[in-house]
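Notes follow once the structure below has been shown.
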Amino acid sequence: MKDINVLVINCGSSSLKFQLINSKTEKVIAKGICERIGIEGSQMAYTPAGGEKIEKIFPMKDHTQAIKLVLDALTDAEHGVVKNLDEIGAVGHRIVHGGEKFATSTIITEDVMAAIEECNDLAPLHNPANLIGIRACKELMPSTPMVAVFDTAFHQTMPEEAYLYGLPYHYYEDYKVRRYGFHGTSHSYVSHRAAELLGQNYEDLKIIVCHLGNGASVSAVKHGKCVDTSMGLTPLEGLIMGTRCGDIDPAIIEFLCNKEGKDVHQILTVLNKESGVYGLSGDFSSDFRDLEKAYHEGEAFAIRTMHTFAYRVAKYIGAYTAAMNGVDAICFTAGVGENGPLVRTMITSYLGYLGIALDEEENVKRGVENIISTPDSRTKVLVIPTNEELAIARETVALV
Ligand code: AMP
């Protein structure tokens, strides 16, 4: 096993999350986040392993400046964790959209950067920010190898019948309009980990992964390959999410434009930012901690929201069981999947036909890696905290 420190970078349009991970111990050496980059009041939070979190307000006019501050913090004489930048052996960048060009992670070259740029129109909010992060790192660490790890790559094994929409075929040929799927690093990490926990070969299993966070998606992983996933061309499709609507009748868009006197762009903002469990609960909250509490207090808006959310997940599990002609294990991950016993109970209550029995004593535990079905449950149910940063670090080390 190589022994290098990998800097994992996840760049958003105005934020930058980072972790420095040692490849041998797989321990996080330091982590943090820069927020409000390019906006007044930008700040950085930095936590060295075993140390106190340090929060500072810094002006950060762009991502290059943010990355410079991150590197300064990592090498700082007092709070730093490495002596100099030579102790950072590689950088792994999370890239949201790799289109059909990238089915695996790849070493970043000028050609790769150009190919990522060609995918910009598929993820106009995310890919340009990801590229800015790559350029900023290249400027400051020109000789350090860098790897791009794509959110879409794991899903590139989907067969045609799973990724095509019922649209004129030339839209696929001309514009590559198809299902891509997201959260691929998480679906890959969790499904591999499930096989390890069950002590079985990854290639022998049929696994459904429910990544239930603020963004949420389900995937079907058959014999080691993703065969379907719920997000589509964009992350708006599929499950009901924190604020995204998930699957709806596309004709609703024109209907609402007419009723509300809004244009398509405005309605899409509603579908992305004001819908999901937030909208369903009557703008109460997108946070399942609030919803769970209100549910237990008997609030009708919380009861309908939780049931509608859980029902949609259960429907996808049914569909993917059919797609794979069976399922051996169902995994819950991400904020809600890892920490929401109520949601897990509600979803699995639809799955009696899979011979599922939950071990309620295990299910009430939050945020721990765990098999939560009883030993005689025909289909296994697992909670596996996702670790996208570690997965990115592993992919990076494997390539450099
Ligand atoms: P993520 O996008 O994976 O970070 O998930 C964020 C979401 O997880 C939050 O918006 C909450 O809805 C949910 N969450 C986090 N902690 C808990 C918890 N202890 N109980 C229930 N839901 C939680």
Side-chain angles (χ1 to χ4, degrees), residues 8 10-13 15-19 28 31-33 35 45 47 94 96 125-126 151 181-191 193 209-219 229-231 234-236 238-246 272-297 299 301-310 312-313 331-348 358 360 362-370 372 382-392:
V8 176
N10 182 354
C11 252
S13 54
S15 70
L16 185 160
K17 287 189 221 149
F18 64 94
Q19 284 194 6
V28 177
K31 64 178 179 181
I33 182 167
E35 287 172 293
T47 315
R94 178 197 178 206
V96 167
L125 294 179
H126 295 97
D151 260 23
F182 299 87
H183 296 138
T185 314
S186 175
H187 287 285
S188 168
Y189 174 85
V190 169
S191 53
R193 190 74 195 122
V209 179
C210 306
H211 176 112
L212 311 178
N214 197 31
S217 65
V218 194
S219 69
T229 191
S230 59
M231 282 178 167
T234 76
L236 190 53
L239 299 178
I240 294 168
M241 313 185 203
T243 61
R244 295 188 199 124
C245 60
N272 270 301
K273 304 217 160 114
E274 297 165 29
S275 301
V277 293
Y278 172 78
L280 254 177
S281 65
D283 299 357
F284 171 70
S285 178
S286 64
D287 194 308
F288 276 78
R289 282 164 286 205
D290 303 333
L291 287 164
E292 225 181 90
K293 186 163 171 284
Y295 178 94
H296 289 303
E297 288 164 3
E299 296 285 1
F301 69 82
I303 294 168
R304 75 164 176 254
T305 301
M306 298 286 279
H307 278 296
T308 314
F309 173 84
R312 180 76 59 90
V313 181
C331 308
F332 289 103
T333 192
V336 186
E338 292 164 24
N339 299 296
L342 175 64
V343 164
R344 297 192 295 248
T345 302
M346 286 174 124
I347 294 168
T348 48
L358 273 200
E360 279 308 331
E362 296 301 325
N363 183 41
V364 292
K365 296 179 184 164
R366 292 175 191 256
V368 285
E369 200 171 72
N370 202 1
I372 59 168
L382 300 93
V383 173
I384 301 178
T386 193
N387 195 337
E388 288 165 279
E389 289 78 12
L390 177 59
I392 292 174

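Indexing begins at 1, ligand by ligand and atom by atom, following the structure's order. Every value quoted in this text rests on a predicted model; they were computed, and no experiment measured them. Positions are given from 1, in the same order as the sequence printed here.
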Taking it one step at a time, do M241 and M231 satisfy side chain to side chain contact (heavy atoms under 4.5 Å, CB included)?
CA-CA 11 Å; M241 313 185 203; M231 282 178 167; 3.7 Å; yes
Contact check: G213 vs ligand 1, nitrogen or oxygen atoms, below 3.5 angstrom
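Between G213 and ligand 1, no N or O pair is found under 3.5 Å apart.
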Please confirm whether G335 comes within less than 3.5 Å of ligand 1 when only nitrogen or oxygen atoms on both sides are compared.
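Yes - when backbone and side-chain N and O of G335 are compared with those of ligand 1, one distance drops under 3.5 Å.
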Look up atom 1 (P) of ligand 1 and tell me if a protein heavy atom lies less than 4.0 Å from it?
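It does: a protein heavy atom is found less than 4.0 Å away from atom 1 (P) of ligand 1.
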Look at [atom] and say which protein heavy atom is nearest, naming residue and atom and giving the distance to 0.1 Å.
atom                    : value
atom 11 (C) of ligand 1 : D287 OD1, 3.3 Å
atom 12 (O) of ligand 1 : F288 N, 2.6 Å
atom 19 (N) of ligand 1 : N339 CB, 3.5 Å

Taking the basic N atoms (NZ, or NE/NH1/NH2) and the acidic carboxylate oxygens, is any pair closer than 4.0 Å for E299 and K293?
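Salt bridge flag = no for K293 with E299.
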Which ligand 1 atoms, with their elements, are less than 4.0 angstrom from a heavy-atom of R366?
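By the 4.0 Å cutoff, the relevant atoms are 18 (C), 19 (N), 20 (N), 21 (C).
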Numbering as shown, the atoms of ligand 1 that approach A334 to under 4.0 Å (heavy-atom distance):
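That gives atoms 3 (O) of ligand 1.
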Working to the nearest 0.5 Å, report the span between CZ of F332 and CG of L212.
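Here the interatomic distance stands at 6.5 Å.
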Is a side-chain donor-acceptor pair under 3.5 Å present for H183 with S219?
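On atom types as modelled, these side chains do not qualify, holding no pair under 3.5 Å.
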Report yes or no: do N363 and T345 form a side-chain donor-acceptor pair below 3.5 Å?
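T345 and N363 do have a side-chain donor-acceptor pair below 3.5 Å.
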Side chain to side chain contact (heavy atoms under 4.5 Å, CB included) between T333 and S186: does it pass, once the steps are laid out?
CA-CA 8 Å; T333 192; S186 175; 3.9 Å; yes
Who gets closest to atom 23 (C) of ligand 1 by heavy atom: E292, H211, R289, M241?
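Looking at heavy atoms only, the winner is R289.
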Nearest heavy atom to atom 6 (C) of ligand 1 wins, so pick from V336, N214, T386.
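Shortest heavy-atom distance from atom 6 (C) of ligand 1: N214.
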Mind listing the closest non-hydrogen atom pair of I384 and E338 along with its distance?
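Of all heavy-atom pairs spanning I384 and E338, the closest is O-OE2, 4.1 Å.
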